[in-house]
Number of protein chains: 2
Amino acid sequence: MVAYTSEHPPFFVTVDLVILTLREGTFAVLLVERGAEPFRGRWALPGGFVHVDEDLMDAAYRELEEETGVGGDAVHLEQLATYGAPGRDPRSRVVSAAYLAVGADLPEVRGGSDAADARWWPVEEALGLDLAFDHRVILEDGVERARSKLEYTDLALRFVPARFTMPALQGVYEAVWGTALDPRNFARKVTRTQGFVRETGEERRGGRGRPARLLEAAGAETLLPPMMRD
Amino acid sequence: MVAYTSEHPPFFVTVDLVILTLREGTFAVLLVERGAEPFRGRWALPGGFVHVDEDLMDAAYRELEEETGVGGDAVHLEQLATYGAPGRDPRSRVVSAAYLAVGADLPEVRGGSDAADARWWPVEEALGLDLAFDHRVILEDGVERARSKLEYTDLALRFVPARFTMPALQGVYEAVWGTALDPRNFARKVTRTQGFVRETGEERRGGRGRPARLLEAAGAETLLPPMMRD
DNA sequence: CAAATAGTGTCTTTGAGACATTATCCG
DNA sequence: CGGATAATGTCTCAAAGACACTATTTG
């Protein structure tokens with residue numbers, strides 16, 4: 001940290017959000033269609049400028065709630081990385097702190113204040129789009145972070161409501177990793193990982209087939225041993 | 001990303017560095033003593049303002065070389081996290097991207113352009129200091145990142161020269177994790193992890209005791225299975 | 001030959017992966 | 001009672017952890 005003088009250049013600081021959820025069993029990300037230049041008409045991650053007296057994570061929460069209507073505890077939010085290449089925004093020097101958000105069954109969205117349109121995309125499709133700015137890299141980093149954190153943290157529980165079934169939890173791992181898992185090995189693994197999930201004693205009836213037992217989080221944030229994807 | 005107007009507030013952007021190495025077998029971090037207000041006389045992480053046309057990581061490399069005289073490939077550098085609470089710098093709104101640097105036997109340093117003094121601290125001692133700004137949190141995050149990355153990446157090899165001995169590598173894990181490891185289990189684990197290390201065929205003689213075989217990196221960046229600390 | 005350091009093998013336990021059938025409900 | 005979904009047990013193999021002695025060098 002060198003001595004402060006007014007010679008140091010000013011930057012704009014934004015937050016960008018990689019908001020992930022499961023929609024009807026599919027791993028999905030929220031994108032907005034840009035309604036203004038630059039990149040007008042291109043899909044982008046939701047985000048916006050940080051306010052003068054606002055912490056970065058507060059700005060991320062604010063943008064998250066503006067875009068999805070969901071806030072606070074209902075959604076997991078963590079910092080992903082910060083992107084600051086000169087020229088990443090053609091207008092001026094903008095440094096963006098990217099955040100990863102994960103929630104269960106986040107609501108449908110349409111349009112928004114300044115976005116032409118907004119909607120959930122299957123992650124695989126979104127990765128194939130020509131996104132605005134450097135948002136493709138940010139999206140890739142966010143998806144990889146989520147995939148990786150399924151292994152050694154309880155992040156999978158954020159994709160699912162407070163009470164959930166074993167097949168639903170297995171579905172999270174399968175959708176996010178894009179792999180099929182054996183239900184016997186999966187249940188054994190989840191059950192034996194101390195503090196991961198707990199039986200509620202209740203069942204979910206009403207669907208076809210045998211009722212599923214409802215589980216809930218048991219508090220551990222770190223999974224020992226981890227769930228391995230290989 | 002909302003429409004751009006000149007109403008958005010300007011920020012200063014800095015990089016701060018958590019530079020870690022092993023000095024005589026001890027896990028150490030480089031700190032500088034501040035020579036100017038604010039926090040004059042307090043120890044801080046090295047760092048500085050990002051230039052107008054400079055990427056964040058380039059700024060981190062520049063500061064790293066200014067502080068240690070070491071640059072380029074010799075040192076591992078990765079982004080840690082970004083800290084932007086209002087008031088974290090009492091002068092103005094400063095957002096800092098923190099980077100983690102790891103190198104083998106980094107050189108002794110004394111003083112510097114704007115720092116009153118600079119020296120290597122054992123990490124445990126540094127964590128007990130009353131550091132400037134929010135640098136204690138940044139240091140904690142950097143140390144935890146390094147500890148964690150020893151598990152599942154080849155980061156341990158960055159603490160050691162290109163050719164090294166098995167006991168030296170074990171010493172990295174022991175110093176960074178602060179634990180003692182069994183040399184038989186350690187050697188078996190390292191040897192059986194595909195692509196982690198390879199024999200060079202050479203030995204290091206000249207010390208007391210049996211000469212040690214020299215190893216080198218075998219290319220894998222990810223360790224499968226990981227080294228576990230528990 | 002003593003002191004220092006490097007290097008190694010076995011046993012036991014735990015978890016991972018492969019694999020198919022039974023249980024319960026609804027219509 | 002047929003279709004749909006949930007739940008579960010065993011065997012084999014791989015890796016982890018505990019544990020102590022031998023090998024090679026220098027002074």
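FYI, side chains are in, hydrogens and waters are out, and symmetry mates aren't considered; it's all heavy atoms of this structure. Just so it is clear: chains get the letters A, B, ... in the order the sequence lines come, proteins before strands, and each one is counted from 1.
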Item to check | Residues from residues 220-229 of chain B lying under 4.0 Å of DNA chain C - heavy atoms | outcome: none
Next on the checklist: Tell me whether A:Glu78 is salt-bridged to A:Lys149, with the criterion being a basic N under 4.0 Å from an acidic carboxylate O.
Outcome noted: yes
Checklist entry - Regarding B:Thr14 and B:Ser96, is there a side-chain donor-to-acceptor distance under 3.5 Å anywhere? => result yes
Checklist entry - Under 6.0 Å from the CD atom of B:Gln194, do we count more than 12 heavy atoms belonging to anything else shown? => result no
Item to check | Atom-to-atom span, CZ of A:Arg188 to P of C:dA16 - whole angstrom | outcome: 7 Å
Checklist entry - DNA chain D: B:Arg192 or A:Arg192, which has the more 5' nearest nucleotide? => result A:Arg192
Item to check | Side-chain donor-acceptor pair present, B:Asp141, B:Tyr83, cut-off under 3.5 Å | outcome: yes
Checklist entry - Does the distance from a Lys or Arg side-chain N to an Asp or Glu carboxylate O, for B:Arg42 and B:Asp130, drop under 4.0 Å? => result yes
Next on the checklist: Atom CD of residue position B:Glu203 - does it have more than 12 heavy atoms of other residues, nucleotides or ligands inside 6.0 Å?
Outcome noted: yes
Checklist outcome for this item: Contact check, residues 147-154 of chain A vs DNA chain C, heavy-atom distance under 4.0 Å, returns none
Checklist entry - So B:His135 and B:Phe133, would you call those rings parallel, tilted or perpendicular, with 30° and 60° as cut-offs? => result tilted
Item to check | Basic-acidic side-chain contact under 4.0 Å: B:Glu202, B:Arg163 | outcome: yes
Checklist entry - Taking the nucleotide of DNA chain C with the closest heavy atom to each, which residue, B:Asn185 or A:Asn185, is nearer the 5' end? => result B:Asn185
Checklist outcome for this item: With B for base contact, S for sugar-phosphate-only contact and - for none (protein heavy atoms under 4.0 Å), nucleotides 20-27 of chain C reads B--BBBS-
Checklist entry - Which residues pass the side chain to side chain donor-acceptor pair (under 3.5 Å) test with B:Arg198, sequence neighbours left out? => result B:Glu216
Checklist entry - Side chains of B:Met166 and B:Thr191: closer than 4.5 Å at any heavy-atom pair? => result yes
Item to check | Pairing residues for A:Glu24 by the side chain to side chain donor-acceptor pair (under 3.5 Å) criterion, not counting sequence neighbours | outcome: none
Checklist entry - Should the heavy atoms of other residues, nucleotides or ligands under 6.0 Å from CD of A:Glu144 be counted, would the total exceed 12? => result yes
Item to check | Short side-chain N/O contact from A:Lys189 to OP1 or OP2 of C:dG15, under 4.0 Å | outcome: no
Item to check | Positional range of nucleotides in DNA chain D within the contact set of chain A, heavy-atom, under 4.0 Å | outcome: D:dA4 to D:dT10
Next on the checklist: If we ignore hydrogens and angles and just use 3.5 Å, is the side chain of B:Tyr99 paired with the main-chain N or O of B:Leu80 as donor and acceptor?
Outcome noted: no
